[in-house]
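One structure below.
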Protein chains: 2
Amino acid sequence: MIMHNPPHPGLIIKELCLEPLELTVTDAAKALGVSRKTLSSIINGKSNISPEMAVRLSIAFSTSSESWLNQQTQYDLWHAEQKRKELNVIKLAAA
Amino acid sequence: MIMHNPPHPGLIIKELCLEPLELTVTDAAKALGVSRKTLSSIINGKSNISPEMAVRLSIAFSTSSESWLNQQTQYDLWHAEQKRKELNVIKLAAA
DNA sequence: CCTTATGCTTAAAGCTCTTAATCATTAAAA
DNA sequence: TTTTAATGATTAAGAGCTTTAAGCATAAGG
């Protein structure tokens, strides 16, 4: 049951990882081993968290890669669910 | 904690959805509203379950789209974790 | 023999993820 | 005020994924 519009995972990175440590996007990107553009795009909601990026985040911030990718999944799913009624699918099994 | 090699979600579609209903790939693809090739590739582990496909599966088989996409996430993550040590990431926060 | 189902290949379009280089703006420091 | 650092954005590019259509060869069944 997904009812609310989940925030983009990039917002979580900014608020829960960068700001508490007073990290700049530039420095965090260096630590993560990605370009500044890549991290900037994610933080500003323009790109998604890839599986590899989830592992990078888990190393840098001592979290679980699963939590990062699950957040992305919830975000993706919410948007996919918005188009549920537009999909022309025939029900094959009853509820 | 992910320790085992999770099966590709396509295997689950085949074993838990198609076979119990004695559905052919061709017929299931028609019901899902995708090409035969698309479903065949997923079932044979060549393609992944997209968010939209998760919603299609949830409609056709009266399941939750979340469960389908979570299976894909676990699969993706397991493979990304295999390369954890190859990623050049600097730890920024302690465990 | 003919039909059906299947997996595979080719070719193509569209999208995502990533990089490097560049530019304009903002904010802080000297 | 001038200079430097950080940021968000754009452009250009390559690699890969998802999807489609069309076609081919194989296997199974009537």
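Within every chain, numbering begins at 1; the chains are lettered A, B, ... in the order of the sequence lines, protein sequences first and strands thereafter. Small disclaimer: the values here were computed from a predicted structure and weren't measured. Below, each value reflects all heavy atoms present in this structure, side chains not excepted, and no hydrogens, waters or symmetry copies.
Closest to the side chain of B:V25, out of C:dT18, D:dA21, C:dG7, is C:dG7.
Distance, B:N44 CG to D:dT18 C1': 16 Å, rounded to whole Å. Rounded to whole Å, atom C1' of C:dT18 lies 14 Å from atom NZ of B:K83. Remark: C1' of C:dC17 and CG of A:L69 are 14 Å apart, rounded to the nearest angstrom. For the pair B:M53 CE and D:dC17 P, the computed distance is 17 Å after rounding to whole Å. Rounded to whole Å, atom C1' of C:dT16 lies 15 Å from atom CD1 of A:I49. Rounded to an integer number of Å, the gap from CD of A:Q72 to C1' of C:dC17 is 12 Å. Note: CZ (B:R36) to C1' (C:dA5) measures 7 Å, nearest angstrom. Here D:dT18 presents its C1' atom at 15 Å from CG of B:L57, a figure rounded to the nearest Å.
In this model, the phosphate group of D:dC17 is not approached by any side-chain N or O of B:N48 to a distance below 4.0 Å at OP1 or OP2. The side chain of B:T24 contributes an N or O atom lying less than 4.0 Å from OP1 or OP2 of C:dT6. At least one side-chain nitrogen or oxygen of B:K46 sits closer than 4.0 Å to the OP1 or OP2 atom of C:dC8. Residue B:S40 places none of its side-chain N or O atoms closer than 4.0 Å to OP1 or OP2 of C:dC8. Of the side-chain N and O atoms in A:S41, none sit less than 4.0 angstrom from OP1 or OP2 of D:dA9.
A donor-acceptor pair under 3.5 Å is absent between the side-chain atoms of B:H79 and the main chain of B:N5, judged by distance alone. A distance-only check finds a donor-acceptor pair linking the side chain of B:Q82 to the backbone of B:W78 [under 3.5 Å].
Counting only heavy atoms from C-beta outward, the side chains of B:L16 and B:F61 never approach each other to under 4.5 Å.
No more than 12 heavy atoms of other residues, nucleotides or ligands shown are found within 6.0 angstrom of CD on B:E22.
Atoms CG and CD, from A:L69 and A:Q74 in turn, are 11.0 Å apart once rounded to the nearest 0.5 Å.
Between B:K37 and B:T26, the residue anchored nearer the 5' end of DNA chain C, judged by the nucleotide with its closest heavy atom, is B:T26.
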